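Worksheet: the structure to be examined is printed underneath.
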Amino acid sequence: MSAATTVEDVYLTIEESARLLGVPCSPEKIRPVLTAYGEGLADAGMVLSVATGANPPEDLDYTITVPATGPDPYAVALSEGFVTKPDHPVAGLLPDLRARVPVSEYFIDGGIVSGFSKIYAHFPGDTLTVAQLADLPSMPPSVAGNADLFARHHMHDVAMVGINYRSRAVNLYFAQLPSAFRTAHNIRSLNRALGLPEPQGPSLRFAQRSFRCYVTLGWESPRIEKICYAPAPVRDWDPSALPVPLDPRIEKFVRNTRCTYPGHPFVIAALKWSASGQHLNLGPYLRLSPLLRDLLHEVTGEKV
């Protein structure tokens with residue numbers, strides 16, 4: 001399959017999913033991103049996701065893996081005009097990370113309405129500690145400022161860093177979470193320390209299933225802006241078990257988006273807490289990269 005054919009196939013899948021959600025889909029906003037990162041797209045992993053809370057849904061996000069052996073994804077984003085290089089530390093963060101850890105793969109992230117936003121560096125085999133991350137010259141000072149909070153709440157190993165060039169924020173994805181992290185006491189204490197409501201009932205039980213947890217920080221404030229609890233992806237997802245109600249269009253989107261591997265799609269649901277309240281990011285994996293297949297086998301026990 002040619003690169004152009006793959007781009008068109010991926011675009012058409014996104015367009016179909018957007019119709020299920022009732023979100024407007026503009027090819028001029030999506031095809032240039034798919035084309036720019038088209039090298040390796042045929043073997044790339046890809047997940048579509050939508051945020052609950054807005055009625056009707058306002059955007060559809062797509063996240064695509066980019067091989068670590070290919071062109072620098074930030075250089076591509078700059079050359080294509082998806083981002084502009086600011087006089088800000090955010091511009092140096094990906095190079096600083098690459099100098100510190102061997103990156104296994106990258107992800108690029110965008111919305112079909114909002115456009116290109118993030119690049120992730122994923123290094124699950126060579127996790128970094130909070131102290132190692134805080135030592136990077138371009139990392140927000142808020143990482144070091146919250147080191148004691150992370151340690152108190154059993155958050156030690158970071159397997160991925162997401163860089164949002166639009167909002168100038170950083171996501172730290174904590175992996176290898178110990179059982180002590182998942183206790184009700186720890187999760188309630190963590191939200192309370194962030195000035196957020198303590199999870200109760202279904203929200204608490206959902207957070208206790210986390211296999212990864214991530215936080216959002218910036219350069220302008222010492223506070224952690226957002227926390228997200230993410231259980232392992234599942235094939236047989238149950239909307240009634242989710243901690244927030246779903247718009248019927250979202251359930252239709254998750255159930256009917258086509259994937260490129262056998263069986264029902266793996267579905268990821270991540271519960272996010274911020275000053276504006278809680279919501280889910282929910283969606284299916286359309287495509288699985290070799291590394292994603294290995295990670296899913298590790299966390300679910302299923303070979304794909």
Side-chain angles (χ1 to χ4, degrees), residues 1-14 26-49 60-112 114-128 133 136-139 158-173 214 260 285-295:
M1 185 181 291
S2 70
T5 302
T6 303
V7 166
E8 187 62 16
D9 183 62
V10 171
Y11 171 76
L12 289 174
T13 303
I14 293 173
S26 302
E28 63 274 11
K29 274 198 167 185
I30 304 165
R31 280 199 182 105
V33 178
L34 299 179
T35 301
Y37 294 98
E39 184 178 334
L41 186 59
D43 298 317
M46 183 175 181
V47 61
L48 296 181
S49 61
L60 173 63
D61 292 326
Y62 58 92
T63 305
I64 303 172
T65 62
V66 176
T69 54
D72 175 355
Y74 183 47
V76 171
L78 287 171
S79 67
E80 296 292 335
F82 304 147
V83 297
T84 55
K85 189 170 184 177
D87 183 18
H88 187 276
V90 71
L93 187 49
L94 192 59
D96 282 352
L97 277 167
R98 271 200 304 267
R100 183 65 183 81
V101 66
V103 175
S104 300
E105 65 183 353
Y106 299 98
F107 297 79
I108 58 102
D109 189 84
I112 68 171
S114 54
F116 185 96
S117 60
K118 297 179 188 174
I119 296 174
Y120 303 83
H122 192 204
F123 36 91
D126 297 272
T127 58
L128 296 178
L133 287 167
L136 298 179
S138 54
M139 190 62 71
V158 174
M160 185 163 69
V161 174
I163 307 166
N164 191 319
Y165 293 95
R166 191 164 57 215
S167 65
R168 297 184 181 179
V170 173
N171 296 333
L172 304 185
Y173 287 77
Y214 78 79
T260 59
Y285 281 93
L286 273 67
R287 296 165 170 262
L288 301 176
S289 68
L291 180 57
L292 279 174
R293 290 176 188 272
D294 290 344
L295 287 175

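Being a predicted model, the structure only gives us computed values, none of them experimental.
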Indicate every side-chain donor-acceptor pair of residues 74-97 with a distance under 3.5 Å to a residue at least two apart or in another chain.
{"residue": "S79", "atom": "OG", "partner": "A75", "partner atom": "O", "Å": "3.3"}
{"residue": "S79", "atom": "OG", "partner": "V76", "partner atom": "O", "Å": "3.0"}
{"residue": "H88", "atom": "ND1", "partner": "V90", "partner atom": "N", "Å": "3.0"}
{"residue": "D96", "atom": "OD2", "partner": "S138", "partner atom": "N", "Å": "3.1"}
{"residue": "D96", "atom": "OD2", "partner": "S138", "partner atom": "OG", "Å": "2.5"}

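- Partners of T127 by side chain to side chain donor-acceptor pair (under 3.5 Å), not counting sequence neighbours: none found.
- Take T260 and apply the side-chain contact (heavy atoms from CB on, under 4.5 Å) test, not counting sequence neighbours, and it matches R287.
- For P27, the side-chain contact (heavy atoms from CB on, under 4.5 Å) criterion is met by Y11, R31, not counting sequence neighbours.
- L60 CG to S114 OG: the interatomic distance, rounded to the nearest 0.5 Å, is 9.5 Å.
- With sequence neighbours left out, V66 forms a side-chain contact (heavy atoms from CB on, under 4.5 Å) with Y37, Y106, I108.
- Contacts classified as salt bridge (charged side-chain N to carboxylate O under 4.0 Å, His left out) and involving residues 61-74 (residues at least two apart or in different chains) are given here: D72-R98.
- For T13 (side chain) and D9 (main-chain N/O), a donor-acceptor pair under 3.5 Å exists by modelled atom type.
- Taking each heavy atom of S104 and P124 in turn, the nearest pair found is OG-CD, 3.8 Å.
- The distance from atom CG of D43 to atom CG of L288, rounded to the nearest 0.5 Å, is 11.5 Å.
- Taking S26 as the reference, nothing meets the side chain to side chain donor-acceptor pair (under 3.5 Å) condition, with sequence neighbours excluded.
- In this structure T35 satisfies the side-chain contact (heavy atoms from CB on, under 4.5 Å) test together with V7, sequence neighbours excluded.
- Annotation for E39 and G70: closest pair OE2-CA, 4.5 Å, computed over non-hydrogen atoms.
- Partners of F107 under the ring-ring contact (aromatic ring centres under 6.0 Å, His included) rule, at least two apart in sequence or in another chain, are H122.
- Contacts of Y214 classified as ring-ring contact (aromatic ring centres under 6.0 Å, His included), with partners at least two apart in sequence or in another chain: Y173.
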Quiz prompt | CA sep, side-chain torsions, deciding dist, call: N171, N164, side-chain contact (heavy atoms from CB on, under 4.5 Å) | solution = CA-CA 8 Å; N171 296 333; N164 191 319; over 6 Å; no

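- Between the CG atom in L286 and the CD1 atom in I14 there is a gap of 8.0 Å [rounded to 0.5 Å].
- Applying the side chain to side chain donor-acceptor pair (under 3.5 Å) test to Y165 and every residue at least two apart in sequence or in another chain returns nothing.
- The shortest side-chain heavy-atom distance between L172 and V161 falls under the 4.5 Å cut-off.
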Quiz prompt | Worked check of side-chain contact (heavy atoms from CB on, under 4.5 Å) between V158 and L133 | solution = CA-CA 9 Å; V158 174; L133 287 167; 3.6 Å; yes

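- The salt bridge (charged side-chain N to carboxylate O under 4.0 Å, His left out) contacts involving residues 100-110 comprise nothing, where partners must be two or more places apart or lie in separate chains.
- The two residues M46 and Y62 have their closest heavy-atom pair at CE-CB, 3.9 Å.
- Side-chain contact between V10 and I30 is absent, with no heavy atoms from C-beta onward closer than 4.5 Å.
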